[in-house]
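Counting begins at 1 with the first residue of the sequence.
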Amino acid sequence: MDLPDPGTDGSPGGDLSACPACGNLPERILDGPRCRPPHERWWECRACRWVGVQYTHSGHLQTMRRLQDDWADCDFCGWEEANVVGEPFERDGERLDWLVCLACGRSNTRRLDRPAAPE
């Protein structure tokens, strides 16, 4: 999915001046009890609920998707509706995504499906 220009100043680590989904001013998600890596800046838009992470070393902005149902609640801190995921990717023949809790900052990869068993 191609996103509109995220509004960065073009330099790595630039601030986000507009939400890529709706154009409103997004807010930085500050670190929770567990510090996020220093090369990640997390943003959310209160108007449309968009969430994304910006990598300060490259300026790349990745949109995250909010989860629903049982997957939305963090297994580590218990915060409700705090989990988001990135776009699915493949590694070693498995389809995975990156799950992150916005409340506590814990993250891990999540297996989306198992490879087919050999016949």
_Are Trp50 and Glu44 packed together at the side-chain level, in the sense that at least one heavy-atom pair is separated by less than 4.5 angstrom?_
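Result no, sub-4.5 Å side-chain heavy-atom pair not found.
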*Hey, any chance Val53 and Ile29 share a hydrophobic cluster, counting ILVMFWY side chains that come within less than 4.5 Å of each other, even indirectly?*
yes
*Determine yes or no for a side-chain-to-main-chain donor-acceptor pair under 3.5 angstrom, with Arg106 supplying the side chain and Phe76 the backbone.*
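Answer holds: no.
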_Restricting to non-hydrogen atoms, name the atom on Pro26 and the atom on Cys19 that form the minimum distance, rounded to 0.1 Å._
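Minimum heavy-atom separation between Pro26 and Cys19: CD-N, 3.6 Å.
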*Shared ILVMFWY cluster between Leu99 and Val84, side chains joined below 4.5 angstrom?*
no
_Cys104 to Cys101 - nearest heavy-atom pair and separation_ =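 For Cys104 and Cys101, the tightest heavy-atom pair comes out as N-SG, 3.4 Å.
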_Least distance between heavy atoms, Arg95 atom then Pro88 atom_ =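 Taking every non-hydrogen atom into account, NH2-CG, 3.5 Å.
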*asked:* Within a 6.0 Å radius of atom CG on Asn108, are there more than 12 heavy atoms belonging to other residues, nucleotides or ligands?
replied: yes
*asked:* Rounded to the nearest 0.5 Å, what separates atom NE2 in His39 from atom NE2 in His57?
replied: 6.0 Å
*Do Glu40 and Val100 touch side chain to side chain, with heavy atoms closer than 4.5 Å?*
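Counting from C-beta outward, Glu40 and Val100 never come under 4.5 Å.
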*Give a yes or no on whether Trp98 atom CH2 has more than 12 heavy-atom contacts from other residues, nucleotides or ligands under 6.0 Å away.*
yes
*asked:* Could you measure the distance from the CZ atom of Arg49 to the CZ atom of Arg65? Nearest 0.5 Å is fine.
replied: 13.0 Å
*From Met64 CE over to Leu102 CG, what is the distance, rounded to the nearest 0.5 angstrom?*
8.0 Å
_Glu80 versus Asp73, closest heavy-atom pair with distance_ =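 Between these two residues, the closest heavy atoms are CA-OD1, 3.2 Å.
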*Is it true that a side-chain atom of Asn83 and a backbone atom of Trp71 form a donor plus acceptor pair closer than 3.5 Å?*
yes
*asked:* Distance check, rounded to the nearest 0.5 Å: Cys74 atom SG versus Leu67 atom CG?
replied: 11.5 Å
*For the residue pair His60 and Tyr55, categorise the inter-ring angle as parallel (less than 30°), tilted (30 to 60°) or perpendicular (more than 60°).*
parallel
*Residues sharing Leu25's hydrophobic cluster, by side-chain heavy-atom contacts under 4.5 Å among ILVMFWY, directly or via others?*
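Besides Leu25, the hydrophobic cluster comprises nothing; the residue is isolated.
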*asked:* Within this structure, what is the CZ-CG distance for the pair Arg46 and Asn24, rounded to the nearest 0.5 Å?
replied: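 Nearest 0.5 Å value for the CZ-CG distance: 12.5 Å.
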*Kindly indicate, with the supporting measurements, whether the criterion side-chain contact (heavy atoms from CB on, under 4.5 Å) is fulfilled by Trp43 and Glu27.*
CA-CA 6 Å; Trp43 300 91; Glu27 296 180 19; 5.9 Å; no
*asked:* Using side-chain heavy atoms (C-beta onward) and a distance below 4.5 Å, is Glu81 in contact with Arg66?
replied: no
*CG on Leu112 to CZ on Phe89, rounded to 0.5 Å*: 8.5 Å
